[in-house]
Structures are given as structure tokens and as C-alpha cells.
Amino acid sequence: MSADDANENGGAETSGLDFIRTIIAEDLASGKHDKVVTRFPPEPNGYLHVGHAMAICLDFGVAAENADSRCHLRFDDTNPATEETEYVDGIMEDVRWLGFDWGEHLHFTSDYFETLHGYAVSLIEQGKAYVDDQNAEEIRANQGSLTEPGTESPFRNRSASENLDLFARMRAGEFDDGEKVLRAKIDMAASVVALRDPILYRIQKKAHHRTGDAWCIYPMYDFAHGYSDALEGITHSLCSLEFQDHRPLYDWFLDQVETQSRPRQIEFARLNVSHTITSKRALRRLFEGGHVRDWDDPRMPTLAAMRRRGYPPEGIRAFCKAVGVGKSPKLIELANLEFHVRQVLNKEVPRRMGVVDPLKVVIENYPEDQEEFLEAINNPEDESAGTREVPFSREIYIEREDFLEDPPKKFFRLAPGREVRLRAAYFVTCTEVIKDGAGEVVELRCTYDPATRGGDSPDGRKVKGTLHWVSARHAIGAEVRDYETLFLEEEPNLDGEGGLDAALNPSSLVVRTGAKLEPAFEDAVPGERFQLERLGYYCIDSDSAPGALVLNRTATLRDTWAKVAKGGGPKGDNPSKPSKKQNKQKKQKKEDG
RNA sequence: UGGGGCGUCGCCAAAUGGUAAGGCAGCGGCCUUUGGAGCCGCCAUUUGUAGGUUCGAGUCCUACCGCCCCAGCCA
């Protein structure tokens, strides 16, 4: 849809659009704007996470959807105490990886320091800002409370010339950190706390990652943000809900000086995903407490971690799109994110075989010195992915959990006397179980049916189970890292009983050092993604070294057997499985309660 | 007890006064050389609650209830 189309009916076609896109469509239709300019404004003091992904998709998405529009990447770098170039680089990499491009429009709030300073001077000249000598505690004490108004600073009514002089001396470095601040003169009795004479500038004698020692006074967010938006010609300044209270302030600043454009702030609910946390403080605790290995530990909710884990950016974008934009608080189930990740991976990623917990199988009627190459389909979802050759020989590995000596009813895998299919290979029948002194199964003996080469029986004999396998002689050893959620609860409480330790999932990382992979993995490089058939999607980790592959499990496959097995107890039957009718009754009961 | 926001299925979400879309999850079935994928079906007599207006209300009005955010010289 274009703005022109919308104009023809005198209004915008907004059905199905979220509230922000509706506002934008209307602004375009009414002629208030002829293009959309948005910005994504991260502070370079940490890594981007899932929550940011949704803001990025919104900011850049809305620009991409409209003609002549654009989205700026602006680093909101007004606090040298916490900001570093390392984060600037990381954030740029993450945004690019997610699939967005800011073109020429890479900006920094620090680029506007001189202009911003000019606006502050103008406020002082107008009598709308003053230098306050109170210290931090005094300012806090005079701020009032949520229900009581604040009290005015004794320095509130200094003359403009005195304020100008003081502010100049602040800039010149004559005062120490915290000795003086510049405040707006608004209303100490405002019910919106943000309006009670907010601080515009504070003294911080610290080097800034871009401006170095040029400044020792730095602007605060509220003062800097709207002006930066105006300076860049931002039309719609999208931010999260917690800034809603600040909107009157955003507008107030813009009202006080002449700017070349008038941006509008619109707030939306930030995105949260179950079983994870995204606060910078919590992320830092995980990292510094050694609970994760790094900022891009695949269990982290950071984009860097998701990249390392193997999440495709298209999947994350699809997820954000599906979740939508609104103002009601969102806590999205992880399953929803995983669905979109799997959906992309299923279509795009080549299949391979690998055994994560190997059990040796000897095929007794297969000649000792023989080997052959069997053709296997690379991706049943994508014919163009072609086929590959997989070596087969007398000794193979199968997954330990694919064999049970005393199988429950619906267990379609290997058991004594039972015949199964080896994927892309042959039917095999288990003839003997070999155990060690402790009674643990250490090896299986099988026979194969040469007539079933490729996996079909000429006599039409059916087999229920298909197992993945790897030829022992040809196998590549690897380390496989299986991940579960970092936290046990949907909404982890790091400060509850037992603290962080109690909130963490003890099996968030399971390392399998003895995995065996088919030789097609020979040339695999870090970042490459595969599906290990019947197990899940995996990505080659950056910890890999030549001859020492490390695989991250991106996501498991949907596993209906796991559900049956779990729900039905050790024998796999589930007599208490509720019928549809019972389900309905259950639901009814719930509603009544 | 100040101010700002939000309440439609387990989780998201559409519906703009005309008789509750869709996705995820779940459940049943079909199909299957991945217990994957795919396909089919089921899953809100009702929108936080109570009143009211209207021929008609998730949408309008009133009152109440619940949840989130705000008292950094952070953003």
C-alpha cells in the first residue's frame, strides 16, 4: 500500500495494522509527513538481546515498508562511565546480522554535544534552566514522593547571567563531579516525577569513548534524546513503555527551542520471552558469576548468543512479526520463538547423521572387510539440496536410547529379536545383547537383510522404526553441547528464595564428548548449520578446532515419543491420558473455579 | 492514598456498534525411509467484574477489580 492509495479515500487503510503502523499510515495519508524516519537508539553499554530484536524489527521494518523512508542507527552515548567502543562494534554487528542496514545514517548523540550545549544555554537565557548547587542527596530529598510534591531548590531563582557564568565554569572544569548540575525549571509539584526540575547536565570528569576529554559535562537522556531526534529529522521516535511518563518532558524540551523538525514519541510494550531474563544487571550477574561462559554463551538471550547457537536471523524476524506490536505487556512462550527458528531451519538446513550417545552394533553377516557408500537425501524439504554418500560397514554406532531390552508397547525402535530400518541403509534385526560385568549393555549383535539396501524391502515387509547411525570405521569424533533453558521458571525470580542458584536450570548445558558424526562433517566450519536426523538442529561452534568439532544444539526436533514416554511412565502407556470429553470437562471446571 | 499505562482462549493477537479471525501450545487422526516435516479435525455461546445506553456492545457510558511502570547526577 502506498500513501497515494490511501489518500484517494481521504484516509489510510489501517485494518490489520498495529497501532504504530496505523498512526504512521494516517500521518502519511494526511500529508503530515511524506516519508518516515525512525531510529534505533541503543546505549553502547552492553549487548543486544531478544527484546531489542523486536525494537529493531519495528524501527527498521516500518522504514522499509514505506517509500523514501529510512531508519538511523544512533548510539545514545551520553554516559561515558558505562559506555565502550567494544559495545558499539558488537551492536553494529548484531543489527547487521539481524538483517538491517542503516546506510549512511550511523549517528552518535555525542556528535550533537556542541549543539545540545547551545540548547542548554538557550534554556538558561530564557530563564528555563538553572545551575543547582545541591548535592545528589539533597536533590533526592527535595524531590518529594509519588504522593507528595517536591520542594524547590534554594538555587532555583538565580539570574540568567549567573547561571550562564556557572554553566560556563562547569564546562571549563572548575567544579568536581557532583558539585553542580544544570536543571530545567519546570514544576517541582508536578504529579509526573520526571517533570520536577529534571537534570540536564551533570559533571563527569571521565573520558568519553568518542569525544575523549573534550567534555566534562554530559547531557542526560531526557534532554538529549528529543533534540537528537529533531536534529536527524526523525518523524516517529519509537520507544518502550517505561518512557511514557517522560513524553511530556520530551515535548517540553522541543517546545522551548526552535528545531528543524518535530518528532513524535510513541511507546510500545517491550518483548519478553519465557524462561529468560533481559535486564542488563541480571545478564551481568550471570556472566560475572560464571554461570555462563560468555556474553555469547548460547544459553544467553543476547543476539550474539543466538547467532552462536545457530538461530537464523529470518527466524527471529518472523518471530517478532508474529508477536506483533502493542501496549499490553508481553511474555511470549519460548516455544513460539523455537517454532519460527525450526520453521526456517527445516526448510534450509542439510540433514546429517550423528550419534550423540553411541552404542556399538556389529552386523554379523556383513563381511568384515567390506564397505559401501549409500545415497542419502540431504533435505527432504528441498530437492535442490541433492544427495550425499554415507559409508556403511560391519560395525556401526546407534543411539543408546534407541535400544531397549524390555521395550514398552509403543517403542518402535530396536529390541531383542526386533527388526528396524537403518536410515538410507538396510533393515537390521537384533540377535544378541552383550553386557559388561555391571549388566550394562555394551554392544549389540545384529543381522542385516541385503535385499533391503536403501531402506525398502522387496517383499513389502514393513518396519516401524527408522534409526540414525554412523559407520564406526568412518566416524568423526565430536563434542556436542545440548542446551536447555537457562532458567527453570517462565518468569525467573533471581531474588527469590535460594536466589540465582535456585532459579537456574542445572541441566541448561549437557556436554557430550563422545559423539560420533558421519564423515560429511569433515569440512564443516564454524557457523554452519545442520540437522542431525531425529535429534535436532545443530550449529558448528566457534570453539571448534581442526579435527575437534564442537556442535551446539540450536533446538531439538519436535519429539512425540518423548511426550508419550514421559506421560505414560516407564512402560510408555498412558492409561490416565484424558479423552477429549474429559479435557472439555476439565476446562469447564477450571472456568467454574 | 499521586501520575501514567494495560486487561479478548494456557501464550500472543484480530475485530473501528452488526453477532468473537489467525498463530503458538495442547488434543485426536491421516501420511511418512527423521516418532521430523506436511495434511485434516477439535480447542472462547463470550472479551477482568457489575450495572447502564442501544434493535444490536469486545467496541459507547458509569462504577469497581486486577496487573505493570515512575521518586538515578542510568537509558
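Just so we're on the same page: letters track the sequence lines, and every chain starts at 1.
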Please tabulate, one pair per line, all N/O donor-acceptor pairs under 3.5 Å involving side-chain atoms of residues 316-339 of chain A, not counting sequence neighbours.
from, atom 1, to, atom 2, distance (Å)
A:R317, NE, A:L98, O, 2.7
A:K327, NZ, A:Q244, OE1, 2.7
A:N336, OD1, A:H340, NE2, 3.4

Strictly below 4.0 Å: does A:T560 bring a side-chain N or O up to OP1 or OP2 of B:rG36? yes
So what does A:D456 hit on the nucleic acid, given a heavy-atom distance under 4.0 Å: a base, only sugar-phosphate, or nothing? base
Under the criteria of a ring-centre distance below 5.5 Å and an interplanar angle below 30°, is A:W561 stacked with the base of B:rG35? yes
Rounding to a whole Å, what distance do you find between A:N272:CG and B:rC69:P? 11 Å
Pairing partner (Watson-Crick or G-U wobble, both distances under 3.5 angstrom) of B:rU16: none
For A:K347 and B:rG36, what is the distance between atoms NZ and P respectively, to the nearest whole Å? 15 Å
Closest to the A:E381 side chain, choosing from B:rC6, B:rG36, B:rG4: B:rG36
Hey, does A:R140 reach any base, or is it just sugar-phosphate, or nothing, if we go heavy atoms under 4.0 Å? sugar-phosphate
Start with the C-alpha distance between A:N142 and A:R196, add both sets of side-chain angles, then the distance that settles side-chain hydrogen bond (donor to acceptor under 3.5 Å, both in side chains), and finish with yes or no. CA-CA 10 Å; A:N142 288 335; A:R196 319 240 257 232; over 6 Å; no
Classify A:R423 by what it touches in the nucleic acid, base, sugar-phosphate, or nothing, heavy-atom distance under 4.0 Å. base
Quickly work out the A:L200 CG to B:rC73 P distance and round it to whole Å. 12 Å
Measuring only the C1' atom in each nucleotide, how far is B:rC12 from B:rC64? A whole number of Å is fine. 28 Å
In terms of side-chain heavy atoms of A:T14, which of B:rU16, B:rC6, B:rG5 is nearest? B:rU16
Ignoring backbone atoms, establish whether A:K563 has a side-chain N or O less than 4.0 Å from OP1 or OP2 of B:rG26. yes
As a test of reading the structure: which of B:rG7, B:rG3, B:rG36 is closest to the side chain of A:D245, going by heavy atoms? B:rG3
Rounded to the Å, how far apart are A:M54 CE and B:rC11 P? 19 Å
Base, sugar-phosphate or nothing for A:F411? Non-hydrogen atoms, less than 4.0 Å. base
Need one value for A:G324: base, sugar-phosphate or nothing, where a base atom within 4.0 Å counts as base even if backbone is also close, heavy atoms only. nothing
Are A:S328 and B:rA13 close enough that a side-chain N or O sits under 4.0 Å from OP1 or OP2? yes
How would you label the glycosidic angle of B:rG48: syn (within 90° of 0) or anti? anti
Could you state the atom-to-atom distance from OH of A:Y201 to P of B:rC74 in whole Å? 14 Å
If you round to the nearest 0.5 Å, how far is CG of A:L249 from CG of A:D251? 9.0 Å
Scan A:R196 against the nucleic acid and name what it touches under 4.0 Å (heavy atoms): base, sugar-phosphate only, or nothing. nothing
If we take the P atom in both B:rG10 and B:rU47, what is their distance in whole Å? 13 Å
In A:D449, A:T452, A:D456, the residue satisfying side-chain hydrogen bond (donor to acceptor under 3.5 Å, both in side chains) with A:R461 is A:D449
Length of the NE2-C1' vector between A:H246 and B:rG4, whole Å: 10 Å
Less than 4.0 Å between a side-chain N and a carboxylate O, is that true for A:D197 and A:K185? no
Quick note, A:N135 side chain, CB onward, closest among B:rC73, B:rG35, B:rA25 is B:rC73
Are more than 12 heavy atoms, taken from residues, nucleotides or ligands other than A:K205, located less than 6.0 Å from that residue's NZ atom? yes
Please indicate whether A:E489 has more than 12 foreign heavy atoms, meaning atoms of other residues, nucleotides or ligands, lying under 6.0 Å from its CD. no
Touch class at under 4.0 angstrom, heavy-atom based, for A:I332 against every strand present: sugar-phosphate
Nucleotide nearest A:R202 (side chain, heavy atoms from C-beta), chosen from B:rC74, B:rG4, B:rG3: B:rC74
Need one value for A:Q531: base, sugar-phosphate or nothing, where a base atom within 4.0 Å counts as base even if backbone is also close, heavy atoms only. base
How many whole angstroms separate atom CD of A:E491 from atom P of B:rC12? 9 Å
Per atom distances to the A:S191 side chain, the nearest of B:rC24, B:rA75, B:rG2 is B:rG2
Given B:rG36, B:rG35, B:rC73, which nucleotide is nearest the side-chain atoms of A:K410? B:rG35
Applying a 3.5 Å limit to both distances, which nucleotide forms a Watson-Crick or G-U wobble pair with B:rG56? none
Could you work out the separation of B:rU32 and B:rC40 based on their C1' atoms and round it to a whole Å? 15 Å
At under 4.0 Å between heavy atoms, what does A:T466 touch on the DNA or RNA strands: base, sugar-phosphate, or nothing? sugar-phosphate
Which nucleotide in the list B:rC12, B:rA71, B:rG36 gets nearest to the side chain of A:S145? B:rA71
Does B:rC11 have OP1 or OP2 sitting under 4.0 Å from an N or O in the side chain of A:S274? no
Evaluate whether atom CD of A:E242 has more than 12 neighbouring non-hydrogen atoms of other residues, nucleotides or ligands under 6.0 angstrom away. yes
Rounded to the nearest 0.5 Å, what's the gap from OH on A:Y221 to OG1 on A:T78? Could you check? 9.5 Å
Would one find a side-chain N or O of A:K330 under 4.0 angstrom from OP1 or OP2 of B:rA13? yes
Sugar-phosphate only, base, or nothing, as touched by A:F243 at under 4.0 Å among non-hydrogen atoms: base
Polar pair under 3.5 Å, donor/acceptor by atom type, side chain A:E267, base B:rG4: no
Could you tell me whether A:F412 contacts a base, only the sugar-phosphate backbone, or nothing, with contacts defined as non-hydrogen atoms closer than 4.0 Å? base
What nucleic acid atoms does A:V181 come within less than 4.0 Å of, heavy atoms only: base, sugar-phosphate, or nothing? base
Verdict with reasoning, A:R74 to A:D229, per salt bridge (Lys or Arg N to Asp or Glu O under 4.0 Å): CA-CA 9 Å; A:R74 179 167 76 231; A:D229 285 342; 2.6 Å; yes
Within this structure, what is the NE2-to-C1' distance between A:H209 and B:rA75, rounded to whole angstrom? 13 Å
Mind checking if A:Q143 touches a base, just sugar-phosphate, or nothing, with heavy atoms under 4.0 Å? sugar-phosphate
Specify the residue among A:D132 and A:E490 whose closest nucleotide of RNA chain B lies further upstream toward the 5′ end. A:E490
Quick one: on RNA chain B, does A:V325 or A:E333 contact a more 5' nucleotide (nearest heavy atom)? A:E333
Return no unless some side-chain N or O of A:R74 is found under 4.0 Å from OP1 or OP2 of B:rA75. no
Within the pair A:R247 and B:rG5, is there a side-chain N or O less than 4.0 Å away from OP1 or OP2? no
Nearest to side-chain heavy atoms of A:E43, which nucleotide of B:rG4, B:rC74, B:rG23: B:rC74
What contact category does A:L331 fall into here, base, sugar-phosphate, or nothing, at under 4.0 angstrom with non-hydrogen atoms? sugar-phosphate
Examine B:rG35: is either OP1 or OP2 under 4.0 Å from a nitrogen or oxygen in the side chain of A:R534? Give yes or no. yes
